[in-house]
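Notes for the one structure printed next.
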Amino acid sequence: MNQTTPGRSRHPRLIGRFLVWLWLLASMVPLLFMLTTSLKPAGVARQIPPTWFFRPTFDNYAQILTGGNGTSAGFGRLLFNSAAVTLGATALTIALALPAAYALTMRHFRARRGLSSWILSTYMFPPIVAVIPIFIYAGKLGVIDTYPVLIVPYAAFNLPIAVWILRSSIHQIPYEIQEAAMVDGASRATILRRILWPLLIPSVATAAILSAILSWNEFLFALSLTRSAAKTSPVGVQEFTGMFGTQWGALTAAGSLIVAPILVMTLVLRRRIVSGLSFGAVK
Amino acid sequence: MDTHDSQHAGISTARVEAGMRPAAAVTSRPGGGGQLGAWVLMAPALVVLLVMTVVPAVYLLYSSFRSESLLGGSGSFVGLQNYRDAVSDPGQRHALGITVAFVVAAVVVETVLGLLLAVPLAAQSRSNNIAVTVMLLPFAVTPVVSALITRELLNPNYGWIDYFMGLVGLPSHVEWLSNPTTAWIAVLGLDVWQWTPFVALILMAGLQSLPQDPVEAAALDGAGPWQTFRYITLPMLTPFLAIAVVLRTIQAFKTFDSFKVLTGGGPGTSTEILNLNIYRVALQSFRTGAAAAVAILFLILLTLLVPVLLRVVGRGTDPEEA
C-alpha cells in the first residue's frame, strides 16, 4: 500500500503523530508547573516569565510537613489520615468483594445474574445523593470526623468495580481445575486456598490498587464528614489557597506529595487500570 | 457446611500433597454449595451496598416530602411542594440544563480527541509504549489537585496559561474565572485534560483487538486510508466507542471536585451543576427537604442510564452471555 500510494497513506499518519506529540507536550504543562514550582525557592515561584534555571530546594516540602502554614495541622498528619482511610477502605473492599464475587460465580446460585446486574448498576449511584443522609446519621451517631465514617462509604462505592474485576477473573479459571481437585479429594477450603487464590492474586492486586486510588482521591465525603481529626489530604490541600492569595510553594509541594503515590501505582498498573475501570470490558 | 469443610481441610490437603487416590465420594460440586451458602457469602457486600445506596435514597425520598432543615426543628409534611419548587425554580432548572450540557460537551470532545489519539497510538512500537505511559499521567492526578493547579495556571497575573498565550500572540490578560464563558472553557478543558487519556486507552485497546483481514482486503481493493477507516475500522470499533461513551457519561454526571475547587459554581451560579447545587442547598443553606427533592430527580435521571450501562458494559464483560 505504501508503495502504490505513498502520499495518501503517509500524510494522515504524519498528522496523527504530530497530534500525539502536541497533546503529550500540552498535557505535561500542569505537571511540570506543579513539580518545578514546588522545588523553587520562595523568591522566584511566582515570577513571569517563569524562571527555568534555579537551585532546587526542598524548603516547601519541609515547611508544609512541619505544619503551621495556614492549615490546622501539619500536612504529614493529613497524609497519614489519607493513608489510614485508604488502607482501611481497600481492605474492606476486598474483604467484601472477594466472597461476593465467588458467590456470583456459583453455578447453582439462582440469583447470581440479577445480583451481578444490580451491583454493576450501583456504579451510576451519585455520591451526592448518599452524602446528605449519611451526614445526618453520622451526626446522630456521633461518628463525624472519624476514619470509619469515610471507610465504609468508600468501600461501598468501590464495590461495583472490585466485584466485577474479581468475578470475571474467577470465571476465567477453567472449572475443570476445580473439578479435578475435587475428584482428588480436595475440600472446598483447600480448593480456595491452594488453587483459586494463587490464580486470583493479580486480579486482587488490580482491584486493591484501584480501590486505593479512588479512596485516596475522594473529596466529597471527606469534605462533608471530616473536620480536623480525620481530615484527609485532598481536603487539606485546598486550604493553601486562601482569600489573600495562594502560597504557590506550599500548594504545589502538597499537591506533589498527594499525587506521587498514585502516580506510581498508575504506572505499575498501566493499561490494567483502564481495563479495571471499564469493568474488564476492555482488555 | 463450611465448618465441616474446614475441619477436614488439613486431611484433604495432606492427601492432595501425597498424591493419594481420589476420595471415595465427591459429595458436592465445587461450584455448587446450595443457595444458603451463596447468600451468606454475598451478605456482607449486599448489606454495605444497600446501606450506602438504597437506604440513603429512601431516606431522601422521605425528606423530599417534608420541609426539613439541617438546623434541627421538626419538619412538617409538605407533599409535593419541594418537587414543585425544584421544577419551577429557575436556578435549579439552570443547574439541570448546564449539567446535561456539560456532560454532552465533555463526552463529545473527549471521544473525538480520544479517537484521534488512539489511531496513531494503536500501532505497537517502542515509542508508542512510552507515549502511552506519558499520556496516562494526567489521568493519575488527584482531581482536587489538578483543579487547584489549573486555578493557579489560569491566574491572570502570574499564571502560565496567559503568559504562553501572550507568547503566541493570543490575548494575554484573560480573567478566566471571572467570566461565565471562559469559566466554562476552563472546567471543560480541565475535564478533557484529565479524562481524554482514559477514552483514548479504551479505544486503543479496541483498535488493537480488531482483526486485520478486513483492513488488508480493503487495501487490496484500492480503498484509501480514510475510506478504510470510515467504512471498515470505525464500524468494528463501535462496541468500544459505546463503552467509552457510557462510562464517561456516568462519570461526568458525578463530577464534583473540579467544579467545587476550580469555579465553586461561579461566577455567580453560572457553573453551578446539580452536584454543586444539591451540596450548597443541603450542607450550606441547610434546606435538606429542598435538596432532597432535587437529589431524587437527579437519581431518577441517572437511573435512566442503567439499562444502557448493563447492556454495553454488562454484556461485554459477562462470560455467561457470550
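Chain letters run A, B, ... following the sequence lines, proteins first and then strands; every chain starts at 1. Keep in mind it's a predicted model, so treat the numbers as computed, not measured.
The contact between B:Asn129 and chain A is made by backbone and side chain atoms together, counting heavy-atom distances below 4.5 Å. The contact between A:Leu263 and chain B is made by backbone and side chain atoms together, counting heavy-atom distances below 4.5 Å. Neither the backbone nor the side chain of B:Leu220 comes within contact range of chain A; no heavy atom of the residue lies under 4.5 Å from a heavy atom of that chain. Contact annotation for B:Tyr279: both backbone and side-chain heavy atoms come within less than 4.5 Å of a heavy atom of chain A. When heavy atoms are compared at a cutoff of 4.5 Å, B:Phe139 approaches chain A solely by way of its side chain, counted from C-beta outward. There is no contact between A:Leu92 and chain B, counting heavy-atom distances below 4.5 Å. Contact of A:Thr122 with chain B is made through the side chain alone, with heavy-atom distances under 4.5 Å. Both the backbone and the side chain of B:Val192 come within less than 4.5 Å of a heavy atom of chain A. Heavy-atom distances place the side chain of B:Phe298, and not its backbone, under 4.5 Å from chain A. Contacts between A:Ile273 and chain B at a heavy-atom distance below 4.5 Å involve the side chain alone, from C-beta outward. In this structure, the portion of A:Phe135 lying under 4.5 Å from any heavy atom of chain B is its side chain and not its backbone. Interface remark: A:Ile262 contributes backbone and side-chain atoms alike to the contact with chain B (heavy atom separation under 4.5 Å). Of the atoms belonging to A:Ile136, it is side-chain heavy atoms, and not backbone ones, that fall under 4.5 Å from chain B. In this structure, chain B has heavy atoms under 4.5 Å from both the backbone and the side chain of A:Leu220. Residue B:Ile202 touches chain A through both its backbone and its side chain, counting heavy-atom pairs closer than 4.5 Å. Within the 4.5 angstrom heavy-atom criterion, no atom of B:Thr150 approaches chain A.
Note that CZ of A:Phe125 is 10.0 Å distant from CG of B:Leu302, once rounded to the nearest 0.5 Å. Note that CG of B:Leu247 is 6.5 Å distant from CZ of A:Phe279, once rounded to the nearest 0.5 Å. Taken to the nearest 0.5 Å, the CD1 atom of A:Ile173 stands 9.5 Å off from the CD1 atom of A:Ile195. Separation of atoms OH (A:Tyr123) and CH2 (A:Trp164) is listed at 13.5 Å; rounding is to 0.5 Å. Here the CH2 atom belonging to A:Trp216 is positioned 5.0 Å from the OG atom belonging to A:Ser82, to the nearest 0.5 angstrom.
In the model, A:Ser38 has no side-chain atom that pairs as donor or acceptor with a side-chain atom of A:Thr252 under 3.5 Å. A donor-acceptor contact closer than 3.5 angstrom is absent between the side chains of A:Arg167 and A:Thr105. B:Asp162 and B:Ser172 share no donor-acceptor pair across their side chains, judged by distance under 3.5 Å alone.
Using a distance-only test at 3.5 Å, with no hydrogens or angles considered, no donor-acceptor pair links the side chain of A:Thr93 to the main chain of A:Asn158. No donor-acceptor pair closer than 3.5 Å links the side chain of A:Thr37 to the backbone N or O of A:Met34. Of the possible polar contacts, none joining the A:Arg112 side chain to the A:Ala103 backbone as a donor-acceptor pair under 3.5 Å is found.
Here B:Leu117 is the residue among B:Leu121, B:Val134, B:Val54, B:Leu117 with the most heavy-atom pairs under 4.5 Å with chain A. Among B:Lys254, B:Glu216, B:Gln194, B:Met204, the residue making the largest number of heavy-atom pairs under 4.5 Å with chain A is B:Lys254. Interface summary for chain A: among B:Val261, B:Leu305, B:Thr133, the most heavy-atom pairs under 4.5 angstrom belong to B:Thr133. Note: B:Glu152 leads B:Met135, B:Glu152, B:Lys260, B:Gln208 in heavy-atom pairs under 4.5 Å with chain A. With chain B as the partner, the residue from A:Ala260, A:Ser224, A:Pro127 showing the most heavy-atom pairs under 4.5 Å is A:Ser224. For the set A:Leu251, A:Thr266, A:Ile128, the count of heavy-atom pairs under 4.5 angstrom toward chain B peaks at A:Ile128. Your options are B:Val55, B:Ile278, B:Val119, and the one with the most heavy-atom pairs under 4.5 Å with chain A is B:Ile278. Most heavy-atom pairs under 4.5 Å with chain B, from the set A:Pro50, A:Pro153, A:Ala26: that is A:Pro50. Ranked by heavy-atom pairs shorter than 4.5 Å toward chain A, the options B:Thr288, B:Thr196, B:Val132 are led by B:Thr196. Among A:Leu192, A:Ile134, A:Leu223, the residue making the largest number of heavy-atom pairs under 4.5 Å with chain B is A:Leu223. Chain B forms more heavy-atom pairs under 4.5 Å with one residue of A:Val131, A:Leu115, A:Val235 than with any other, namely A:Leu115.
The distance between the ring centers of B:Trp39 and A:Phe109 falls below 6.0 angstrom. Checked against a 6.0 Å centroid threshold, the rings of A:Tyr137 and B:Tyr59 count as neighbours. For A:Phe33 and A:Trp248, the ring centers are positioned less than 6.0 Å apart.
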Stepwise, does the side chain to side chain donor-acceptor pair (under 3.5 Å) test hold for B:Asn275 with B:Thr255? CA-CA 7 Å; B:Asn275 275 321; B:Thr255 308; over 6 Å; no
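Smallest separation of non-hydrogen atoms from B:Ala295 and A:Val129: O-CG2, 3.8 Å.
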